[in-house]
Amino acid sequence: MAHFNIKVAVQKFGNFLSSMVMPNISAFIAWGLITALFIPSGFLPNESLAKMVTPMVTFLLPLLIGYTGGKLIHDHRGGVVGAIATMGVIVGSDIPMFLGAMIMGPFGGYVIKKFDQLIEGKIKAGFEMLVNNFSAGIIGGLLSILSFLAIGPAVDVFTGWLVAGVDWLVGTGLLPLTSILIEPAKVLFLNNAINHGVLSPIGVEQVKQTGASILFLLESNPGPGIGVLLAYCFFGKGTAKKSAPGAAIIHFFGGIHEIYFPYILMKPMLFLAVILGGMSGVFTLVLLGGGLFAPASPGSILAITAVTPHNAGAYIANFAGVIVAALVSFIVGAFILKTGKQSEENIEDAAKKMQEMKGKKSSVADVFASDPGTMPTNVSKIIFACDAGMGSSAMGASLLRKKVKEAGLNITVTNTAISNIPVDAQIVITQEELTPRAQNKVPNAYHVSVDNFLSSPEYDSLLARLQDDGTDELHEIVEDAEEKVPGVREHSIEPGIDEDEQEGNELLREENVFLNQQFANKEEAIRFAGRALVNAGYVKESYIEAMIARDELTSTYMGNDVAIPHGTEEAKKDVLKSGFTVLQIPDGVDFDGQKARLIFGIAGKDGTHLEILSGIAVTCSDMENIEKMVKATSARELMDIISVENN
């Protein structure tokens, strides 16, 4: 378990480093092109244009990294403070401060984020802009001084050690041995920490001095991967052999290295093929003097060609490095496949394993996705599943249950957490990111993936198939809760009502409806909703972080401009009683590329929240109701829309 946690931590660290560099790759390429073309030894020497080279690598690139790092932590405000802090390490050093920017950018974002959380709700109206501007300026200025006096010199020394280490490896001819670490690290998704944390910063320094760096090719060389895929094309079996040609094209010309990882995971002995291929490629590059003038992103043959120095020797060296790596990897891979156990490889299982190792949705996993299963006959049960079984699945189940009733189908629709899906489930509906987990839980069920729980076309498609299969007897099977969705009533103690019923009336109170809100990002909005639940006595303080964690696991955006942040399954113990909070955000807040204008923060205990959640789901499935709620001028008016539409 400790080993797994370390691997996950390294993955997250590497992905974070990558997230600072990758959005700015175009700037690296622009600088690399100007360097390759206009320096005295370039393709088109030009003394005037060459003056841009040093300022770009010294100021532009580190500032972009620092801003991006801060923005990842605390949006634009964090980016500004991160850039200010980064300026200190730039001025305090004589080398390009990429490592310093990767430190001070996120650190600046983190400090201003903590400051904003500390003063949240404590600034008098009218003074917000004054406090925001001065706090960012003062904190940024102090951090820039710190980075100038301490961080810059420390990174300068550390970079010197790294450069000396690389020079030693090159001088002793040991650089090819780095493939022993890099090639397995790629498949285990640990490469970003090595590539963006060490290789790229040193590579940029080498380009500044010599015009090219071999370090940019240590990880991006597509040769080892294409060799393994070609071996599968000729000597593989079953679906692995059939899918290998397409994967080879995607990998070699598209630069998506991730696509060949499942093929190696099916036969771990193939790690030897990519390691030997990588070593052979690096040896060839060292021997012929290969290298790039900027990072190749993505790592395709086309990208490598674009950032190869414009001279015949460089093209020959780089292409030879790719070809030799591919040949060695192919020969070793073919031998392993030919002499190994002759069974049909399961590429889908390997792809799922790869996605689990990555710890998040894979960009290529769908390439290997199999049929969702066989559509069962005589369907009597449909299960909606999500991580906690508290929010998104309950809303989706409510909508589909209503459609099932209207269609007259003899089918029950319920919701649950993925961990509690019953073994006899016939049809399971989940968000796309969670489908692999659901398939692992009940592999024999028919699985449906949706990306919009409030208005997915998959619902009508599924109902059409169920009706065509002859399961459309007129019969109403709907939970009692769906017979009549209760209205939302005022928070008051009514005579003759016991405590349990009164608790139901407290699910949504007027004081927990917040109109005309504005948020910089979704985390800020989720924290506001969580704080409202805490203040209302619905949940413990720790539930707020669980809401953030749940949204990171799978977006809580439901479609139709609605998000329903709630805690993870583990956080159910932090719920004191069921309740809701509603945030009206007329201008919207970004939820992973989607705009949420209504946010329903949810705390569910023992299913007592499902009735009102069902009503919210049905109401929000109609965009006309969404517009009414977004334009509501009072909490009572918004609550009445939910009540009126569902009574």
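Sequence positions, counted from 1, serve as the residue numbers for this chain. It should be emphasised that the depicted structure is a prediction, and the values quoted were computed from it without experimental measurement. Because only heavy atoms are used, hydrogens play no part in the values below, and waters and symmetry mates are left out as well, while side chains stay in.
- Side-chain N or O atoms of E627 include none that pairs as donor or acceptor with a backbone N or O of N625 at under 3.5 Å.
- A donor-acceptor contact shorter than 3.5 Å links the side chain of K122 to the backbone of L118.
- Taking the six-membered ring for Trp and thresholds of 30 and 60 degrees, Y557 and F591 have ring planes inclined between 30 and 60 degrees apart.
- Residues I585 and L598 have side chains not in contact (no heavy-atom distance under 4.5 Å, counting atoms from C-beta outward).
- Here the side chains of T581 and V513 are not in contact, with every heavy-atom distance at 4.5 Å or above.
- For the side-chain contact (heavy atoms from CB on, under 4.5 Å) with I599, the lone residue among L583, I526, V562, D561 that qualifies is L583.
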Check the pair R550 / E545 against salt bridge (charged side-chain N to carboxylate O under 4.0 Å, His left out), numbers first and verdict last.
-> CA-CA 9 Å; R550 171 61 181 83; E545 294 302 324; over 6 Å; no
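- The shortest side-chain heavy-atom distance between V428 and V448 does not fall under the 4.5 Å cut-off.
- Within the 3.5 Å criterion, the main-chain N or O of T633 finds a donor-acceptor partner in the side chain of E637.
- Contact check for F127 versus L130: side-chain heavy atoms found under the 4.5 Å cut-off.
- Between the side chain of N24 and the main chain of A27, no donor-acceptor pair closer than 3.5 Å is present.
- Here the straight-line distance linking atom CG of L533 with atom CZ of R531 works out to 10.5 Å at 0.5 Å rounding.
- For Y538 and F580, the ring centers are positioned 6.0 Å apart or more.
- Checked by atom type and distance alone, the side chain of Q584 pairs as donor or acceptor with a backbone atom of V630 at under 3.5 Å.
- For the atom pair CG (L61) and CD1 (I65), the distance works out to 6.5 Å, reported to the nearest 0.5 Å.
- Under a 3.5 Å cut-off, the side chain of H74 and the backbone N or O of L72 do not form any donor-acceptor pair.
- The shortest distance between side-chain heavy atoms of F600 and P565 does not fall below 4.5 Å.
- At least one donor-acceptor pair closer than 3.5 Å links the side chain of N132 to the backbone N or O of E128.
- By the 4.5 Å heavy-atom criterion applied to side chains, I382 and Q426 are not counted as neighbours.
- With no hydrogens or angles considered, a side-chain donor-acceptor pair links S135 and R77 at under 3.5 Å.
- Around the CZ atom of F514, the shell of radius 6.0 Å holds more than 12 heavy atoms that belong to other residues, nucleotides or ligands.
- Taking a cutoff of 4.0 Å between a charged side-chain nitrogen and a carboxylate oxygen, D590 and K522 do not qualify as a salt bridge.
- Atom NZ of K631 has 12 or fewer heavy atoms from other residues, nucleotides or ligands within 6.0 Å.
- Inter-residue side-chain proximity for I427 and I383 is flagged as unmet; no heavy-atom pair is nearer than 4.5 Å.
- Taken from CZ in F134 to CD1 in I139, the straight-line distance is 13.5 Å, to the nearest 0.5 Å.
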